[in-house]
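Working notes, structure below.
Letters go in sequence order (proteins before strands), and every chain restarts at 1. No experiment lies behind these values; they were computed from the predicted model shown.
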Protein chains: 2
Amino acid sequence: MLSEIEQVLPSEIEKRSFEIITEELKEMGKILCPETELIVKRCIHTSADFEYADSLVFTEGVVEKAKDAIRRGVPIITDTQMGKAGINKKRLAEYGSEVLCFMSDEDVAEMAKKNGTTRAVASMDKAAALGREAIFAVGNAPTALVRLYELIKEGKINPELIIAVPVGFVNVVQSKELILSLEDTPSIVARGRKGGSNIAACICNALLYQM
Amino acid sequence: MLSEIEQVLPSEIEKRSFEIITEELKEMGKILCPETELIVKRCIHTSADFEYADSLVFTEGVVEKAKDAIRRGVPIITDTQMGKAGINKKRLAEYGSEVLCFMSDEDVAEMAKKNGTTRAVASMDKAAALGREAIFAVGNAPTALVRLYELIKEGKINPELIIAVPVGFVNVVQSKELILSLEDTPSIVARGRKGGSNIAACICNALLYQM
């Protein structure tokens, strides 16, 4: 059985994976847009799920805008510790940027309890209260996306980018469509039910790795 | 658009999600084994991917064996910081157990470089050198699974459980089959290319939440 293991140098594993993904996309007849293909391929690399070739939606010029924001040191705010763990913080720090996640903060738990919301909603409110430019990477909670939509509509925030890729069954599809309905907010959205903290992190990394 | 958001209490979101999953599995005619269905459903909950109803393979009695090991305080060793971040460490601590991840350790990086292996391999060697009972939760690196297989065949370790759910394109399928070929090692395996750190973490949590 060990003989069936392909001998690939550690440093070559990722390269070989991307070659396989590229070959299979070609066999499927999928043609990706050059601006966004590295992000799509990295999502497939992270999930082994080729549905991302169809489900990912990018607003116009979003990749350049996102890279500009990172270069200006704009922080990434995530809705899970897993998302935070997965983002390459060393690379991000090279641009003076960082990842923030307020989900485990005590004041967030208290605010959520007091207001009868999810902690994700309270953590978005906490982020808004910072009054800073921000990139939001939401991989878990559709309630976070709904709150971001409300905050934008109320003129309280104006995100540099929303990565809208929560996963699940309750309000996930709808919350992503809400974000896509925002005409002036750059976004990267995985339409449908699929996504996750790992996808949110990998999209951030895909942006970083092409800078 | 906001009117399309279903009103669900924060405390009810997970319950509602599992109801939808249960309904849709029924519509698909999938019948799950009572011992393992909570794990399968939580993997679907984490990924929105119903393929896990078919791809997850459990060795006999593995759920009870895994719960026994956790109750004895056996630690979970993961191959990613993301997996570690996703496991409910508070619940685990109630049993005197913990999550260990050696991937960012300096000695692991050095050993990997010296031996020309992945860091995942070096981190499995470090785990083996502890000489402790262990549950392995591998969500990223097939090379970690290959090394665990070798260590078991060499009689150097005898894991309480291997959660074998790496994701990807290079040796992922083969490495999982290697683990399944081990007759005396309890395992939970996601056959095929799919899996991930999030799936590894969610299987650990699914075990904890039924204890």
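- Checking side-chain atoms of B/Asn88 against main-chain N and O of B/Asn205 turns up no donor-acceptor pair under 3.5 Å.
- Closest non-hydrogen pair, B/Pro142 versus B/Val170, comes out as CG-O, 3.4 Å.
- Of all the listed residues (A/Glu177, A/Arg193, A/Gln174), the one sharing the greatest number of non-hydrogen pairs under 4.5 Å with chain B is A/Arg193.
- Between chain B and the options A/Glu51, A/Glu4, A/Lys84, A/Gln81, the largest number of non-hydrogen pairs under 4.5 Å is found for A/Glu4.
- The shortest non-hydrogen separation linking A/Cys43 to A/Ile203 is SG-CG1, 3.5 Å.
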How far apart are the C-alpha atoms of B/Ile135 and B/Ile70, what are their side-chain angles, what is the distance that settles it, and do they pass the side-chain contact (heavy atoms from CB on, under 4.5 Å) test? CA-CA 9 Å; B/Ile135 293 168; B/Ile70 294 169; 3.8 Å; yes

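- When each of A/Val167, A/Asn140, A/Ile199, A/Val173 is checked for heavy-atom pairs under 4.5 Å with chain B, A/Val167 comes out on top.
- The stretch residues 171-193 of chain B participates, sequence neighbours left out, in no ring-ring contact (aromatic ring centres under 6.0 Å, His included) pair at all.
- Contacts of B/Leu9 with chain A are absent, with no heavy-atom separation under 4.5 Å from either backbone or side chain.
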Does the pair B/Thr36 and B/Leu56 meet the rule for a side-chain contact (heavy atoms from CB on, under 4.5 Å), with working shown? CA-CA 9 Å; B/Thr36 55; B/Leu56 284 167; over 6 Å; no

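- Comparing A/Ser47, A/Gly168, A/Gly83, A/Gly196 by how many heavy-atom pairs each has under 4.5 Å with chain B, the most go to A/Ser47.
- Residue-environment remark: CD (A/Glu6) exceeds the threshold of 12 foreign heavy atoms within 6.0 Å.
- Shown here are the ring-ring contact (aromatic ring centres under 6.0 Å, His included) partners of A/Phe18, two or more places apart in sequence or in another chain: A/His45.
- Both the backbone and the side chain of B/Ile13 come within contact range of chain A, with heavy atoms under 4.5 Å apart.
- Salt bridge status for B/Glu19 with B/Arg16: present, with a side-chain N to carboxylate O gap under 4.0 Å.
- At least one donor-acceptor pair under 3.5 Å links the side chain of B/Lys176 to the backbone N or O of B/Gly192.
- Among B/Val172, B/Thr143, B/Asn198, B/Ile44, the residue with the largest count of heavy-atom pairs under 4.5 Å with chain A is B/Asn198.
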Show me the donor-acceptor pairs within less than 3.5 Å that the side chains of residues 148-155 of chain A make with the rest of the protein, sequence neighbours left out.
residue	atom	partner	partner atom	Å
A/Glu150	OE1	A/Arg147	NH1	3.0
A/Glu154	OE1	A/Lys156	NZ	3.0

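- Contacts from residues 90-127 of chain B to chain A, taken as heavy-atom pairs separated by less than 4.5 Å, involve B/Gly116, B/Thr117, B/Thr118 in sequence order.
- With respect to the salt-bridge test (charged N to carboxylate O, under 4.0 angstrom), the residues B/Asp54 and B/Arg191 do not qualify.
- Residue contact with chain A, scored on non-hydrogen atoms closer than 4.5 Å, is absent for B/Glu14.
- Only the side chain of B/Ile21 comes within less than 4.5 Å of a heavy atom in chain A; its backbone stays farther off.
- Using a 4.5 Å cut-off between heavy atoms, B/Thr80 makes no contact with chain A at all.
- Chosen from A/Ile5, A/Val146, A/Ile20, the residue pairing most often with chain B at heavy-atom distances under 4.5 Å is A/Ile5.
- For a residue to count as touching a neighbouring chain, one of its non-hydrogen atoms must lie under 4.5 Å from one of that chain's; by this rule A/Thr46 touches chain B with the backbone only.
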